[in-house]
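Quick notes on the structure that follows.
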Amino acid sequence: MNIAFLVFLNIIFLVIAIFFSIIPFLTRKTESFGVTIPEEVYNEQEVVSIRKSYRNSVVVFGIVFLTLLNVLFFILPSVVFQLYYFLIYIFELTTFFVFYIRGHYRMKRLKENKKWSEGKKEFVVASLKSTGNQFSPLWIIYYLIIMLITLWIGIVFYDRIPEKVVIHWDAKFNPNKWVSKTYFLILFPVIMQLFLSVIFFISYYVIIRAREQIDPAKPEESFERVRIFKKIWANFIVFAGFLMLSIFLFMQISFIVNFSPQFIMVVIFGLTGVIVLASLVISIFVGQGGSRLKLSKEKEDKNIIVRDDDKYWKLGVFYFNPDDPAVFVEKRFGIGWTFNWARPLSWILLLGLFLLMGVILLISIAGLK
Amino acid sequence: MFIKIDINSDVPIYIQIKNEIVGLIAKGELKEGDKLPPVRKLAADLGINLHTVNKAYNILRQEGFISFNKKKGTIVLGRNINKASESEKEKLKGILRTVVSEYYCKNFSREDIKEIVDQLYDELENKILV
């Protein structure tokens, strides 16, 4: 076991913990812990204290789990550690979700006691003009070009690939897993690229087609926020997919050119790191629904509040509303979009995704020997 | 350009949608040839049933405010495009009668009501005196 591996595990752990600890501060101001609230109470002391108490819990338990991860790394035999280290991430995620649930119920109770919405009118607002975020998936051509290049390199330089290709190294960078040179080997990066293209294409589709949720108290401002929010994430998806496909182009090249394992690691983690970091930065600066963008404020109508559809949000995170034709809607606790689970398309997409993953996995196992 | 629906109002949602769109046409914010969003998109954005939006669009078409076009989608026909038919005139008069009756019961004078109508008319023509 080496330190680079431990650093890597720590980074993954921290990214998850940081993300969870800041989510309640990134949501729209008309909701908190999956509960609809009037925007003006978002900064009320009791609401703020639920957010802070959640954040403190995440930070404290994050430190505890992180310490545990590092201690176990040093005291457990490395074989055992390598088998079970992923459990700590499952504990981490479960604990944070429990903290969320606690926040959710505290928020719900507070709302019941405070009766904030009394005397206010619930409105829904829709724009008759589009945000201009049109569905234009022509960027997929660039993806196809990368795939073709990847395939082409594999075919042209096939003779230069060694009979055995290293696909895994141990922690001291000694090779410990090989696959034989076959035609499938050079197809494998392309298959992965194809799979990723499908994933990124669907994500892009979801973003463009997602409901444009407008705050009725200040429609103009809210519309502008949603417009920028969608635009930035749609562009990010295209960019992230491009980097991910490049990783597999690099993989193909690494079959031919004898790169050092350190170099391979730096490239792969470097590119993945850029994607993760970029999504974190965008989340913080843009906020859910564009809520954190620095825009000129529209004078808001204080007597109007957003529709309270809490009853359709199970635990504040799973949206199930048969009366809503929208399939893709903004998440309440988190950044991005989620599905309306009352729509068949949501399940078709989910099932299709699992099926595709299964097929890719089977092909890879059968093909790489 | 937005349409705003009061979820808990006594006025049915399809009527509210219709009224909002007619209001936008009257003010000139929606002009002849402007496109309305597809039924599915508007329903999804509002989070309401498809049929509700469909109903509103159908009434708007029957009354000559919009037209459906296979290629272009739903198009606004604008103001002054078609003259009101006799039955439409009767219908509008009926609505006004109810409103005037209500004012009358609440002791508004003929002049009061005329003033209100003038004011509303001015608003549409952007002639509000500050």
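Computed from a prediction, not measured in an experiment: that's the story for all the values here. Residue numbers begin at 1 in each chain, while the letters A, B, ... track the order of the sequences.
- A salt bridge links B:D45 with B:K41: at least one charged nitrogen is closer than 4.0 Å to a carboxylate oxygen.
- Between A:F236 and A:F239, the ring planes are tilted. Angles from 30° to 60° get that label.
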Determine, step by step, whether A:Y54 and A:F33 satisfy the ring pair (Phe, Tyr, Trp, His ring centres under 6.0 Å) criterion, reporting the C-alpha distance in whole Å, the side-chain angles of both residues, the deciding distance to 0.1 Å, and the verdict. CA-CA 10 Å; A:Y54 164 87; A:F33 291 94; 5.3 Å; yes
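- Interface residues of residues 35-43 of chain A toward chain B, defined by a heavy-atom distance below 4.5 Å: none.
- Contact annotation for A:E122: both backbone and side-chain heavy atoms come within less than 4.5 Å of a heavy atom of chain B.
- The CD1 atom of A:I214 sits 12.0 Å away from the CD atom of A:E221 when rounded to the nearest 0.5 Å.
- Top candidate by heavy-atom pairs under 4.5 Å with chain B, chosen from A:D324, A:N340, A:I304, is A:D324.
- With a 4.5 Å cut-off on non-hydrogen atoms, B:L24 touches chain A through its side chain but not through its backbone.
- With 3.5 Å as the limit, one finds a donor-acceptor pair spanning the side chains of B:D112 and B:S109.
- Between A:K218 and A:D301, none of the side-chain N atoms (NZ, or NE/NH1/NH2) sits under 4.0 Å from a carboxylate O, so this pair counts as no salt bridge.
- Using a 4.5 Å cut-off between non-hydrogen atoms, the part of residues 125-141 of chain A that approaches chain B consists of A:V125, A:A126, A:S127, A:L128, A:K129.
- Interatomic distance, A:K111 NZ to A:W116 CH2, rounded to the nearest 0.5 Å: 8.5 Å.
- Between A:Y319 and A:N321, the side chains place a donor N or O and an acceptor N or O closer than 3.5 Å (distance only, hydrogens not considered).
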